[in-house]
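Labels below follow one simple rule: chain letters A, B, ... track the order of the sequence lines, proteins then strands, and each chain is numbered from 1.
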2 protein chains.
Amino acid sequence: MAVRVTIKDVAKQANVAISTASRVINNSGYVSEDTRQRVEEAIKRLGYVPNSIARSLKWKQTFSIGLIVSDIGNPFYAELAQAVERAARERGYSVLLTNTDSKAAQERDCVGVLAAKQVDGIIWYSPINEELVDEVMENSRATVVVITGKEGHLGHHTIRIDDQLGAFEAVNHLISLGHTRIGYIAEPSDPKFPQERMKGYRRALAEAGLEFDESLVVRGTYQEGSGRKAIKVLLGLEERPTAVFCANDLMAIEAMQYARGVGLRIPEDLAVVGFDNTKLACLHGIDLTTVAQPTYEMGREGAKLLISSITKPLSPRQLLLRPSLVVRRSCGQYLKEGQR
Amino acid sequence: MAVRVTIKDVAKQANVAISTASRVINNSGYVSEDTRQRVEEAIKRLGYVPNSIARSLKWKQTFSIGLIVSDIGNPFYAELAQAVERAARERGYSVLLTNTDSKAAQERDCVGVLAAKQVDGIIWYSPINEELVDEVMENSRATVVVITGKEGHLGHHTIRIDDQLGAFEAVNHLISLGHTRIGYIAEPSDPKFPQERMKGYRRALAEAGLEFDESLVVRGTYQEGSGRKAIKVLLGLEERPTAVFCANDLMAIEAMQYARGVGLRIPEDLAVVGFDNTKLACLHGIDLTTVAQPTYEMGREGAKLLISSITKPLSPRQLLLRPSLVVRRSCGQYLKEGQR
DNA sequence: CTGTTAGCGCTTTCAT
DNA sequence: ATGAAAGCGCTAACAG
């Protein structure tokens with residue numbers, strides 16, 4: 001555990017004043033070629049690395065950003081973190097990782113630590129305590145970018161996904177494959193979240209001139225067994241749907257398994273499309289066509305927005321990202337392609 | 001973006017000297033009850049948060065640790081990171097996250113950044129450039145804990161998994177279920193990694209008095225299709241195995257799918273055990289009995305070891321962690337339980 | 001072109 | 001019990 005070498009050591013070794021050493025380190029001001037060489041040599045010989053802590057104190061900038069997520073162990077957040085880290089690194093920033101474990105008190109803690117560590121900005125996924133965001137903006141140097149499913153948050157930078165568009169495209173795809181009776185295993189209704197996916201489903205039908213049939217919609221719960229229950233209802237209908245769109249992958253997978261269990265072929269007898277594009281969707285034997293959340297992009301754009309806003313304050317931006325349809329086998333498109 | 005309030009502001013507000021304010025903030029030295037109150041009030045009123053950067057400069061300790069992984073987007077590392085973050089937080093440390101993307105140059109970069117940011121320690125998963133570890137130890141204040149699959153690294157703290165034990169327990173379990181002809185779809189042979197799982201397989205057989213039959217071992221590659229190819233060979237044997245242990249989950253799953261495809265029932269006709277306990281293993285319809293890597297524990301123990309070693313230098317510790325067998329349906333134990 | 005100096009926010013002797 | 005002052009490592013005027 002060697003003692004840290006400081007700029008003082010470098011200066012002494014090179015026989016110059018500290019400020020001169022500083023000049024060559026920062027490439028600022030005039031330095032004669034000769035002294036520059038001497039200093040650089042000293043730096044190399046001593047293995048000098050500038051102390052960011054001291055620099056930060058002086059600069060009032062740390063080139064660190066904080067990332068607040070509920071749980072980095074969740075692959076979704078992991079992917080987000082990956083994107084954030086990479087975008088940050090490319091711009092010379094480091095990432096301080098904090099987990100809230102979905103607890104408001106811990107979130108407060110995270111914020112406190114990040115403020116104390118003087119991060120230049122924070123990427124904050126889904127604040128639990130919404131007021132806390134404003135509080136932070138007021139009391140700390142940090143800029144904040146919020147990633148969220150909800151609208152609102154107009155006072156600061158925001159990244160949101162266009163759920164409605166995702167659902168629209170999914171259903172549209174099924175329509176383009178010739179389906180006219182398309183079931184929907186819907187997202188739970190939550191007063192806090194408008195049912196954007198449902199809106200997308202309805203819009204796609206409407207634009208195609210198809211009538212909205214309430215009986216084709218079954219509310220799911222995102223919980224185990226919910227997809228199975230729902231598909232059971234839909235398949236029990238007098239005139240059953242030939243395709244079903246599901247508000248998440250898990251329900252879609254359950255629906256497929258149930259349908260297969262009762263002898264239906266996927267996608268010939270029932271086309272299925274999900275939402276999320278979890279790792280499960282691409283598994284052999286599942287091959288679920290699904291709407292992919294642009295997780296990586298959310299992270300990348302969040303970090304980019306944050307850092308550019310640190311560099312040069314921006315008026316609050318609201319970014320809306322597009323999900324994208326990933327076509328696999330469960331929707332049946334490949335059958336059509338085969339026909340050609 | 002409020003201007004940061006400093007200890008100076010607090011002191012002025014409370015009408016005391018800076019040093020006095022510091023005393024109450026740090027709970028050090030004597031402070032009269034009266035002044036303490038005044039200062040505390042000022043702190044609250046102003047929303048003062050001590051500047052960790054300044055403290056770090058003074059203390060020569062940052063209470064930050066660095067985490068180096070190849071890719072946080074990978075769920076395995078994500079779980080590791082989760083454990084590290086949690087253990088660190090509990091001890092008052094923050095985590096600086098860095099990705100190497102498996103590139104030696106970037107790894108060097110990570111180390112440089114962490115050194116500059118004066119982290120007190122580093123958790124380093126699988127160094128690409130092994131010499132770099134020693135270099136860091138020499139040139140920086142940071143303590144290092146290496147998490148690795150290999151042996152060696154005796155100069156510093158190390159966390160390793162007992163692969164041999166994991167394999168031993170898996171095979172042992174199959175033996176206890178009555179199997180005597182147990183196939184092994186083995187790990188690829190790599191001169192850098194001793195085949196610990198293979199050793200475990202052989203040891204289990206030996207201890208049970210079963211003969212090692214070379215024809216029951218097929219080398220896999222961890223690549224797609226490898227498990228299928230291997231099981232094909234095993235099932236083609238004159239006297240085919242009634243159980244098969246696989247060096248990872250992916251190969252195990254392929255083996256199961258192939259076996260089912262040729263009409264075998266799992267586990268009645270063929271028992272299967274994997275290694276890794278990936279998310280796939282617990283999927284409905286897969287239900288793979290498998291050896292779980294103690295990922296979380298690795299992270300937690302790593303962070304604990306690191307921090308205690310920061311607090312009080314320790315001679316290099318080599319920790320060996322136990323994997324554990326997760327029993328699901330593919331091994332057939334539940335059949336026996338049913339018999340009772 | 002180079003050196004001297006003040007100061008970033010904080011802790012910690014050392015006086016008083 | 002409190003305050004004054006030095007200094008952590010560095011940068012950035014300011015002089016020369």
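Between B:R55 and the phosphate of C:dT11, there is a side-chain N or O to OP1/OP2 separation shorter than 4.0 Å. Regarding contacts with the backbone of C:dT2, a side-chain N or O of A:T35 is found under 4.0 angstrom from either OP1 or OP2. In this model, the phosphate group of C:dC10 is approached by a side-chain N or O of B:Y48 to a distance below 4.0 Å at OP1 or OP2. The side chain of B:N26 places an N or O atom within less than 4.0 Å of a non-bridging phosphate oxygen (OP1 or OP2) of C:dT11. A sub-4.0 Å separation between OP1 or OP2 of D:dT2 and a side-chain N or O of B:S32 is present. Listed pair A:K60 / C:dG9 meets the phosphate criterion, a side-chain N or O lying under 4.0 Å from OP1 or OP2.
In this entry the distance linking CD1 of B:I7 with P of D:dA4 reads 14 Å, nearest Å. Summarising the geometry, the separation between CG on B:D9 and P on C:dC8 is reported as 11 Å, rounded to the nearest angstrom. A straight line from CG of B:N51 to C1' of D:dC10 spans 15 Å, rounded to a whole angstrom. To the nearest angstrom, C1' of C:dT2 lies 13 Å from CG of A:D34. Atom-to-atom, CZ of A:R38 to P of C:dC1 comes out at 14 Å; the value is rounded to the nearest Å. Nucleotide D:dT11 holds its P atom 14 Å from the CD atom of A:Q61, rounded to whole Å. One atom, CD1 of B:I25, and another, C1' of C:dC10, lie 9 Å apart when rounded to the nearest Å. Distance CD1 (A:I53) to P (C:dC8): 18 Å, rounded to an integer number of Å.
Along DNA chain C, the nucleotide nearest B:P50 and the nucleotide nearest B:R23 are compared for position; the residue whose nucleotide lies closer to the 5' end is B:P50. Nearest-nucleotide assignment on DNA chain D puts the 5′-proximal partner with B:R36, out of B:R36 and B:K58.
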Check: residues 74-85 of chain A side-chain donor-acceptor pairs under 3.5 Å, at least two apart:
| from | atom 1 | to | atom 2 | distance (Å) |
| --- | --- | --- | --- | --- |
| A:N74 | OD1 | A:F76 | N | 2.7 |
| A:Y77 | OH | A:S70 | OG | 3.4 |
| A:Q82 | NE2 | B:D71 | OD1 | 2.7 |
| A:E85 | OE2 | A:R89 | NH2 | 2.9 |
| A:E85 | OE2 | B:N99 | N | 3.2 |

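Across A:S56 and A:T62, no two heavy atoms sit closer than the pair OG-CA, 3.5 Å.
Counting heavy atoms from C-beta outward, B:T98 and B:Q106 have side chains that stay 4.5 Å or more apart.
Ion pairing of B:E135 with B:R108 is present here, as a side-chain N (NZ or NE/NH1/NH2) and a carboxylate O approach within less than 4.0 Å. Salt bridge B:K44/B:E41: absent, no basic N to carboxylate O contact under 4.0 Å.
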Next item on the list: Whenever both distances are under 3.5 Å in a Watson-Crick or G-U wobble pair, mark it; put DNA chain C into dot-bracket that way, with [ ] for crossing pairs and | when the partner is on another strand.
Entry: ||||||||||||||||

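Residue-level contact check: B:I18 touches the bases, meaning some heavy atom is under 4.0 Å from a base atom. Using a 4.0 Å heavy-atom cutoff across all strands shown, B:S22 reaches at least one base atom of the nucleic acid. Using a 4.0 Å heavy-atom criterion, one finds that B:S19 contacts the bases of the nucleic acid, with or without backbone contacts as well.
Side-chain contact of A:S32 with A:T35: a donor-acceptor pair under 3.5 Å is present, judged by distance alone.
When atom types are taken as modelled, the side chain of B:T158 and the backbone of B:Q318 share no donor-acceptor pair closer than 3.5 angstrom.
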Item checked: Candidate pair A:D9 and A:Y48, rule side chain to side chain contact (heavy atoms under 4.5 Å, CB included), full reasoning -> CA-CA 9 Å; A:D9 303 316; A:Y48 170 74; over 6 Å; no

